[in-house]
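Worksheet for the structure shown next.
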Amino acid sequence: MNKDQEHLRLLSIFHYIVAAIVALFSCVFILHLVIGIVAIVSPESMAGKDGTSPPPFFGWMFVVLGGLAVFMGWAFAVCLISAGRFLAKRKHYLFCMIIAGLSCFNMPFGTILGVFTIIVLVRPSVKELFNYKPSGQSSSDP
């Protein structure tokens with residue numbers, strides 16, 4: 001097995017691992033979702049020492065932001081899993097490159113994974129494995 005194929009295989013495995021970590025840490029925001037639901041359904045349980053309940057938008061804010069954070073985290077985890085699968089099959093070069101760039105925002109593991117993925121994907125020999133031709137180049141160009 002040549003070096004490029006081995007690197008793509010390892011990157012594929014690491015994409016699965018980082019996807020699991022992202023999905024797991026996204027579950028933390030389920031707590032915010034639950035707090036928001038409790039604040040909406042039973043505002044008296046959230047009353048302070050003076051007996052006043054928080055305003056209704058407080059609960060809705062927690063539900064919307066918590067639900068959005070969970071959804072975004074799980075969606076990104078699915079994208080990482082897809083990119084790992086595509087790296088293993090040597091398909092969808094541009095998608096893999098975009099996910100590598102986006103994963104750089106997910107410190108520290110995503111940054112490491114994204115940088116190494118970009119380094120491997122920009123090699124001409126890896127582009128050949130993907131049969132990647134940038135738009136604007138025809139098959140007759142040298």
Side-chain angles (χ1 to χ4, degrees), residues 1-49 52-142:
M1 185 178 296
N2 77 23
K3 180 178 71 169
D4 291 333
Q5 291 174 339
E6 179 66 17
H7 288 172
L8 288 172
R9 187 184 71 78
L10 288 172
L11 284 173
S12 176
I13 293 169
F14 292 138
H15 271 76
Y16 298 142
I17 293 169
V18 171
I21 292 170
V22 166
L24 181 67
F25 280 109
S26 296
C27 291
V28 169
F29 294 102
I30 292 175
L31 179 63
H32 294 81
L33 192 64
V34 170
I35 290 171
I37 291 170
V38 168
I40 293 168
V41 173
S42 177
E44 63 277 354
S45 66
M46 302 290 257
K49 292 181 182 179
T52 60
S53 300
F57 80 88
F58 173 80
W60 286 108
M61 181 180 67
F62 266 69
V63 167
V64 169
L65 294 178
L68 188 64
V70 170
F71 174 76
M72 295 286 285
W74 288 351
F76 185 61
V78 168
C79 287
L80 282 168
I81 290 170
S82 299
R85 188 84 172 133
F86 294 152
L87 285 170
K89 291 185 173 188
R90 283 108 174 115
K91 292 183 178 182
H92 305 290
Y93 176 87
L94 188 58
F95 178 81
C96 294
M97 187 64 88
I98 290 170
I99 295 302
L102 289 176
S103 68
C104 288
F105 290 110
N106 189 8
M107 290 190 181
F109 302 118
T111 304
I112 296 166
L113 178 67
V115 168
F116 283 127
T117 303
I118 291 170
I119 288 171
V120 170
L121 287 178
V122 297
R123 293 183 195 154
S125 57
V126 172
K127 288 180 181 180
E128 287 177 17
L129 289 173
F130 276 84
N131 293 323
Y132 178 71
K133 302 258 190 290
S135 61
Q137 277 190 347
S138 65
S139 58
S140 64
D141 288 343

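In what follows, residues are counted from 1 in the order of the sequence shown.
- Using a 4.5 Å heavy-atom threshold, the side chains of Phe71 and Ser26 count as separate.
- Between Ala23 and Trp74, the shortest heavy-atom distance links the atoms O-NE1, 3.4 Å.
- Between the CD1 atom of Ile35 and the CE atom of Met61 there is a distance of 11.0 Å, given to the nearest 0.5 Å.
- Considering all non-hydrogen atoms of both residues, Ile81 and Ala19 come closest at CG1-CB, 3.5 Å.
- How far CD of Gln5 is from CG of Leu129: 6.0 Å, rounded to the nearest 0.5 Å.
- In this structure, the side chain of Tyr93 engages the main chain of Leu121 through a donor-acceptor pair within 3.5 Å.
- Of the inter-residue distances, the one linking His92 atom NE2 with Arg85 atom CZ reads 11.0 Å to the nearest 0.5 angstrom.
- Val22 approaches Gly73 most closely through the heavy-atom pair CG1-O, 3.4 Å.
- In this structure, Ser82 contributes its side chain and Val78 its backbone to a donor-acceptor pair below 3.5 Å.
- The two residues Phe130 and Lys91 make their nearest non-hydrogen contact at CE2-O, 3.3 Å.
- A salt bridge does not link Glu6 with Lys3: none of the charged nitrogens is closer than 4.0 Å to a carboxylate oxygen.
- When side chains are defined from C-beta on, Phe29 does not count as touching Leu33, because their heavy atoms never get closer than 4.5 Å.
- Residue pairs satisfying the side chain to side chain donor-acceptor pair (under 3.5 Å) criterion with at least one member in residues 102-117, sequence neighbours excluded, are absent.
- Side-chain contact between Arg90 and Leu8: present, with at least one pair of heavy atoms (C-beta onward) separated by less than 4.5 Å.
- For the atom pair Phe25 CZ and Phe109 CZ, the distance stands at 8.0 Å (nearest 0.5 Å).
- Summarising the geometry of Pro43 relative to Ser53, their closest heavy-atom pair is O-OG, 3.3 Å, with the distance given to 0.1 Å.
- Here Cys96 contributes atom SG and Leu80 contributes atom CG; the two are 10.5 Å apart, rounded to the nearest 0.5 Å.
- When every heavy atom of Gly84 is checked against every heavy atom of Ser12, the shortest pair comes out as O-OG, 2.7 Å.
- Put simply, the side chain of Leu87 does not reach to within 4.5 Å of the side chain of Phe95, judged on heavy atoms.
- Enclosure of atom OH in Tyr16 by more than 12 non-hydrogen atoms of other residues, nucleotides or ligands within 6.0 angstrom is indicated.
- Two residues are said to be in side-chain contact when any heavy atoms from C-beta on lie closer than 4.5 Å; Leu113 and Leu11 meet this criterion.
- Note that CZ of Phe14 is 11.0 Å distant from CD1 of Ile21, once rounded to the nearest 0.5 Å.
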